[in-house]
A.B. asks: 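After the C-alpha coordinates below, expect a handful of questions from me.
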Amino acid sequence: MSSNSRAMSETKRGVLVVISGPSGAGKTSICDELLKRIPDSQWSVSVTTRKPRGREVDGQHYRFISQEEFQRMVEHDELLEHAVYLGKWYGTPWAPIEETVAAGRVVILEIDVQGGAQIAVRMPESVRVFVLPPTMETLKARLEGRQTETETLQQKRLAEADGEIAFARTSGHYPYIITNDILEDSVARVMEIVEREMHK
Ligand code: 5GP
(Lines give C-alpha, C1' and ligand atoms only; values in the text may rest on other atoms or scores of the structure.)
Protein backbone atom coordinates (compact mmCIF):
# COMPACT_ATOMS: atom_id res chain seq x y z
CA MET A 1 0.00 0.00 0.00
CA SER A 2 1.45 3.41 -0.93
CA SER A 3 1.74 6.05 1.80
CA ASN A 4 -0.93 8.00 -0.03
CA SER A 5 -3.50 5.21 -0.02
CA ARG A 6 -2.62 4.36 3.60
CA ALA A 7 -3.26 7.97 4.60
CA MET A 8 -6.57 7.79 2.71
CA SER A 9 -7.68 4.56 4.40
CA GLU A 10 -6.76 5.96 7.83
CA THR A 11 -8.80 9.13 7.32
CA LYS A 12 -12.09 9.00 9.20
CA ARG A 13 -14.88 9.26 6.68
CA GLY A 14 -16.83 12.50 6.56
CA VAL A 15 -20.60 12.77 6.44
CA LEU A 16 -23.15 13.26 3.69
CA VAL A 17 -25.88 15.59 4.96
CA VAL A 18 -29.15 15.41 3.03
CA ILE A 19 -31.59 18.30 3.48
CA SER A 20 -35.10 17.86 2.07
CA GLY A 21 -38.39 19.67 2.46
CA PRO A 22 -41.03 21.40 0.39
CA SER A 23 -40.02 24.32 -1.82
CA GLY A 24 -40.32 27.44 0.32
CA ALA A 25 -39.57 25.71 3.66
CA GLY A 26 -36.21 27.46 3.86
CA LYS A 27 -33.85 24.61 2.97
CA THR A 28 -31.52 26.77 0.91
CA SER A 29 -31.03 29.31 3.71
CA ILE A 30 -30.21 26.48 6.13
CA CYS A 31 -27.75 24.93 3.65
CA ASP A 32 -26.03 28.29 3.04
CA GLU A 33 -25.48 28.73 6.78
CA LEU A 34 -24.21 25.16 7.22
CA LEU A 35 -21.67 25.71 4.45
CA LYS A 36 -20.40 28.85 6.19
CA ARG A 37 -20.17 27.22 9.60
CA ILE A 38 -18.86 23.70 8.94
CA PRO A 39 -15.14 23.93 8.12
CA ASP A 40 -14.20 22.47 4.72
CA SER A 41 -17.79 21.51 3.97
CA GLN A 42 -18.80 21.25 0.35
CA TRP A 43 -22.00 21.83 -1.57
CA SER A 44 -23.05 19.05 -3.94
CA VAL A 45 -23.93 20.55 -7.32
CA SER A 46 -26.86 18.64 -8.82
CA VAL A 47 -27.55 18.23 -12.50
CA THR A 48 -30.98 19.18 -13.81
CA THR A 49 -32.87 19.45 -17.07
CA ARG A 50 -34.80 22.52 -15.89
CA LYS A 51 -33.88 26.00 -17.06
CA PRO A 52 -31.92 28.42 -14.83
CA ARG A 53 -34.07 30.68 -12.64
CA GLY A 54 -33.29 34.28 -11.63
CA ARG A 55 -29.62 34.69 -10.80
CA GLU A 56 -28.72 31.00 -10.88
CA VAL A 57 -25.28 30.30 -12.26
CA ASP A 58 -24.46 27.15 -14.24
CA GLY A 59 -21.99 24.96 -12.32
CA GLN A 60 -22.67 26.76 -9.06
CA HIS A 61 -26.36 26.27 -8.19
CA TYR A 62 -26.90 23.43 -10.64
CA ARG A 63 -25.33 22.07 -13.79
CA PHE A 64 -28.06 22.70 -16.33
CA ILE A 65 -27.88 19.87 -18.83
CA SER A 66 -29.91 18.39 -21.70
CA GLN A 67 -32.24 15.41 -21.39
CA GLU A 68 -29.75 13.40 -23.53
CA GLU A 69 -26.81 14.18 -21.25
CA PHE A 70 -28.92 13.30 -18.21
CA GLN A 71 -29.85 9.97 -19.80
CA ARG A 72 -26.19 9.23 -20.50
CA MET A 73 -25.25 9.87 -16.85
CA VAL A 74 -28.01 7.50 -15.68
CA GLU A 75 -26.89 4.77 -18.08
CA HIS A 76 -23.26 5.09 -16.89
CA ASP A 77 -24.35 4.92 -13.25
CA GLU A 78 -22.82 8.36 -12.60
CA LEU A 79 -25.68 9.47 -10.35
CA LEU A 80 -26.08 8.50 -6.71
CA GLU A 81 -29.80 9.19 -7.08
CA HIS A 82 -32.14 10.88 -9.51
CA ALA A 83 -35.78 11.85 -9.63
CA VAL A 84 -38.39 13.73 -11.64
CA TYR A 85 -39.89 16.80 -10.01
CA LEU A 86 -42.70 18.63 -11.84
CA GLY A 87 -41.64 17.12 -15.15
CA LYS A 88 -37.93 18.00 -14.87
CA TRP A 89 -35.08 15.66 -14.03
CA TYR A 90 -32.73 16.22 -11.10
CA GLY A 91 -29.76 14.08 -10.05
CA THR A 92 -26.72 13.93 -7.78
CA PRO A 93 -23.34 13.12 -9.34
CA TRP A 94 -21.78 10.36 -7.30
CA ALA A 95 -18.00 10.81 -7.79
CA PRO A 96 -17.53 14.23 -6.10
CA ILE A 97 -19.52 13.06 -3.06
CA GLU A 98 -17.51 9.88 -2.63
CA GLU A 99 -14.19 11.76 -2.96
CA THR A 100 -15.16 14.42 -0.43
CA VAL A 101 -16.59 12.03 2.15
CA ALA A 102 -13.55 9.73 1.78
CA ALA A 103 -11.35 12.77 2.55
CA GLY A 104 -13.16 13.20 5.87
CA ARG A 105 -15.21 16.23 4.87
CA VAL A 106 -18.89 17.10 5.06
CA VAL A 107 -20.98 17.25 1.87
CA ILE A 108 -24.31 19.07 1.89
CA LEU A 109 -27.04 18.05 -0.45
CA GLU A 110 -30.45 19.65 -0.97
CA ILE A 111 -32.77 17.22 -2.72
CA ASP A 112 -36.38 16.09 -2.86
CA VAL A 113 -37.78 13.16 -0.86
CA GLN A 114 -37.62 10.67 -3.75
CA GLY A 115 -33.86 11.28 -3.91
CA GLY A 116 -33.55 11.17 -0.12
CA ALA A 117 -35.20 7.73 -0.11
CA GLN A 118 -32.71 6.40 -2.68
CA ILE A 119 -29.79 7.75 -0.64
CA ALA A 120 -31.21 6.18 2.54
CA VAL A 121 -30.84 2.82 0.79
CA ARG A 122 -27.52 3.39 -1.02
CA MET A 123 -25.77 5.35 1.76
CA PRO A 124 -27.62 4.52 5.00
CA GLU A 125 -24.85 6.20 7.00
CA SER A 126 -25.88 9.60 5.55
CA VAL A 127 -27.63 12.14 7.80
CA ARG A 128 -31.11 12.94 6.48
CA VAL A 129 -33.02 15.97 7.72
CA PHE A 130 -36.49 17.05 6.57
CA VAL A 131 -37.35 20.73 6.96
CA LEU A 132 -40.98 21.69 7.64
CA PRO A 133 -42.37 25.20 7.28
CA PRO A 134 -43.91 26.57 10.52
CA THR A 135 -47.37 26.49 8.86
CA MET A 136 -48.78 25.86 5.39
CA GLU A 137 -49.77 29.57 5.28
CA THR A 138 -46.13 30.55 5.72
CA LEU A 139 -45.16 28.18 2.92
CA LYS A 140 -47.79 29.69 0.64
CA ALA A 141 -46.66 33.23 1.43
CA ARG A 142 -42.99 32.36 0.80
CA LEU A 143 -43.79 30.75 -2.55
CA GLU A 144 -45.98 33.66 -3.63
CA GLY A 145 -43.13 36.00 -2.78
CA ARG A 146 -40.93 34.37 -5.42
CA GLN A 147 -40.90 36.76 -8.35
CA THR A 148 -39.07 34.31 -10.58
CA GLU A 149 -41.93 31.83 -11.03
CA THR A 150 -45.35 31.73 -12.62
CA GLU A 151 -48.42 31.37 -10.44
CA THR A 152 -49.17 27.95 -11.94
CA LEU A 153 -45.74 26.67 -10.93
CA GLN A 154 -46.18 28.07 -7.43
CA GLN A 155 -49.51 26.23 -7.15
CA LYS A 156 -47.92 22.99 -8.32
CA ARG A 157 -45.13 23.29 -5.75
CA LEU A 158 -47.69 23.89 -3.04
CA ALA A 159 -49.71 20.82 -4.09
CA GLU A 160 -46.50 18.77 -4.11
CA ALA A 161 -45.68 19.85 -0.54
CA ASP A 162 -48.44 17.84 1.16
CA GLY A 163 -47.27 14.59 -0.42
CA GLU A 164 -43.63 15.28 0.48
CA ILE A 165 -44.47 16.00 4.12
CA ALA A 166 -46.58 12.85 4.42
CA PHE A 167 -43.80 10.79 2.84
CA ALA A 168 -41.13 12.19 5.17
CA ARG A 169 -43.29 11.43 8.20
CA THR A 170 -44.21 7.86 7.26
CA SER A 171 -41.34 6.44 5.16
CA GLY A 172 -38.79 6.20 7.97
CA HIS A 173 -36.11 7.64 5.63
CA TYR A 174 -35.90 10.91 7.57
CA PRO A 175 -34.76 10.29 11.14
CA TYR A 176 -34.65 14.05 11.74
CA ILE A 177 -37.66 16.31 11.05
CA ILE A 178 -37.31 19.94 12.07
CA THR A 179 -39.65 22.94 11.85
CA ASN A 180 -37.96 25.98 10.34
CA ASP A 181 -39.52 28.79 12.31
CA ILE A 182 -36.46 30.82 13.30
CA LEU A 183 -33.57 30.25 10.92
CA GLU A 184 -30.87 30.56 13.60
CA ASP A 185 -32.54 27.84 15.72
CA SER A 186 -32.90 25.50 12.76
CA VAL A 187 -29.26 25.93 11.79
CA ALA A 188 -28.14 25.31 15.38
CA ARG A 189 -30.26 22.16 15.50
CA VAL A 190 -28.80 20.76 12.26
CA MET A 191 -25.25 21.67 13.39
CA GLU A 192 -25.86 19.71 16.58
CA ILE A 193 -27.09 16.67 14.59
CA VAL A 194 -24.10 16.78 12.22
CA GLU A 195 -21.59 17.12 15.05
CA ARG A 196 -23.12 14.16 16.85
CA GLU A 197 -22.97 12.03 13.69
CA MET A 198 -19.36 13.10 12.98
CA HIS A 199 -18.26 11.81 16.36
CA LYS A 200 -19.97 8.44 16.12
P1 5GP B 1 -35.87 23.67 -7.63
O2 5GP B 1 -36.37 23.54 -9.03
O3 5GP B 1 -36.77 24.50 -6.75
O4 5GP B 1 -34.44 24.14 -7.57
O5 5GP B 1 -35.89 22.20 -7.00
C6 5GP B 1 -37.05 21.43 -7.03
C7 5GP B 1 -36.89 20.25 -6.09
O8 5GP B 1 -35.84 19.40 -6.56
C9 5GP B 1 -36.49 20.66 -4.68
O10 5GP B 1 -37.22 19.88 -3.76
C11 5GP B 1 -35.01 20.35 -4.63
O12 5GP B 1 -34.58 20.07 -3.32
C13 5GP B 1 -34.97 19.11 -5.50
N14 5GP B 1 -33.62 18.77 -6.01
C15 5GP B 1 -32.60 19.60 -6.28
N16 5GP B 1 -31.53 18.89 -6.69
C17 5GP B 1 -31.89 17.59 -6.66
C18 5GP B 1 -31.20 16.35 -6.94
O19 5GP B 1 -30.04 16.30 -7.31
N20 5GP B 1 -31.92 15.22 -6.78
C21 5GP B 1 -33.21 15.21 -6.37
N22 5GP B 1 -33.79 14.02 -6.20
N23 5GP B 1 -33.88 16.34 -6.08
C24 5GP B 1 -33.23 17.51 -6.23
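In each ligand, atom 1 is the first atom listed, and ligand 1 is the first ligand listed. The figures here come from the full heavy-atom set of this structure, side chains too, leaving out hydrogens, waters and symmetry mates.
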A.B. asks: By the definition salt bridge (charged side-chain N to carboxylate O under 4.0 Å, His left out), identify the one residue from Glu197, Glu98, Glu99 that meets it with Arg13.
C.D. replies: Glu98
A.B. asks: Ring-plane angle category for Tyr90 and Tyr85, please: parallel below 30°, perpendicular beyond 60°, tilted otherwise.
C.D. replies: perpendicular
A.B. asks: Supply the atom-to-atom distance Gln154 CD to Arg157 CZ, rounded to the nearest 0.5 angstrom.
C.D. replies: 9.0 Å
A.B. asks: Which one of Val17, Leu16, Thr100 satisfies the side chain to side chain contact (heavy atoms under 4.5 Å, CB included) criterion with Val106?
C.D. replies: Val17
A.B. asks: Please state which option from Ile111, Val131, Leu153 has its nearest heavy atom closest to atom 17 (C) of ligand 1.
C.D. replies: Ile111
A.B. asks: Would you call Arg50-Glu56 a salt bridge at under 4.0 Å N-O?
C.D. replies: yes
A.B. asks: Polar-atom distance check: Glu56 versus ligand 1, any N or O pair below 3.5 Å?
C.D. replies: no
A.B. asks: Run the numbers for me: atoms of ligand 1, each under 4.0 Å from some heavy atom of Tyr62, listed by number.
C.D. replies: 1 (P), 4 (O), 5 (O), 15 (C), 16 (N)
A.B. asks: Atom 3 (O) of ligand 1: which protein heavy atom is closest, and how many Å away?
C.D. replies: Arg157 NH1, 2.9 Å
A.B. asks: What protein heavy atom is closest to atom 23 (N) of ligand 1, reported as residue, atom name and distance in Å?
C.D. replies: Asp112 N, 3.1 Å
A.B. asks: State yes or no: do Leu153 and Phe64 share one hydrophobic cluster built from I, L, V, M, F, W and Y residues joined by side-chain heavy-atom distances below 4.5 Å, directly or via other members?
C.D. replies: yes
A.B. asks: Roughly how far, to the nearest 0.5 Å, is CD of Glu75 from CE of Met73?
C.D. replies: 12.0 Å
A.B. asks: Under 4.0 angstrom from ligand 1, any heavy atom of Arg53?
C.D. replies: yes
A.B. asks: Within the distance-only criterion (no hydrogens, no angle test), does the side chain of Thr179 pair as donor or acceptor with the backbone N or O of Pro134 below 3.5 angstrom?
C.D. replies: no
A.B. asks: Does some non-hydrogen atom of Glu81 fall short of 4.0 Å from ligand 1?
C.D. replies: yes
A.B. asks: Heavy-atom contacts with Gly115 under 4.0 Å: which atoms of ligand 1 show up? List them by number with element.
C.D. replies: 22 (N)
A.B. asks: Under 30°, 30 to 60°, or over 60°: which ring-plane class applies to His173 and Phe167, parallel, tilted or perpendicular?
C.D. replies: tilted
A.B. asks: Please state which protein non-hydrogen atom is closest to atom 11 (C) of ligand 1 and give its distance, to 0.1 Å?
C.D. replies: Lys27 NZ, 4.0 Å
A.B. asks: Taking all non-hydrogen atoms of both residues, which atom of Ala166 and which atom of Thr170 are closest, and how far apart?
C.D. replies: O-OG1, 2.9 Å
A.B. asks: Among all protein heavy atoms in this structure, tell me which lies nearest to atom 16 (N) of ligand 1, with the distance rounded to 0.1 Å.
C.D. replies: Ser46 OG, 3.2 Å
A.B. asks: Any N or O on Thr92 sitting closer than 3.5 Å to an N or O of ligand 1?
C.D. replies: yes
A.B. asks: Is the count of non-hydrogen atoms from other residues, nucleotides or ligands lying under 6.0 Å from Glu125 atom CD greater than 12?
C.D. replies: yes
A.B. asks: Applying a heavy-atom cut-off of 4.0 Å, say which part of Gln114 lies close to ligand 1: side chain, backbone, both or neither.
C.D. replies: neither
A.B. asks: Purely on distance, is any nitrogen or oxygen of Ala83 under 3.5 Å from one on ligand 1?
C.D. replies: no
A.B. asks: So, 4.0 Å and heavy atoms of His61: is ligand 1 close enough to count as a contact?
C.D. replies: no
A.B. asks: With heavy atoms of Arg50 as the reference, note each atom of ligand 1 found under 4.0 Å away.
C.D. replies: 1 (P), 2 (O), 4 (O)
A.B. asks: Answer yes or no: does an N/O atom from Tyr85 fall short of 3.5 Å to an N/O atom of ligand 1?
C.D. replies: no
A.B. asks: Under 4.0 Å from ligand 1, counting heavy atoms only, is it the side chain of Lys88, its backbone, both or neither?
C.D. replies: neither
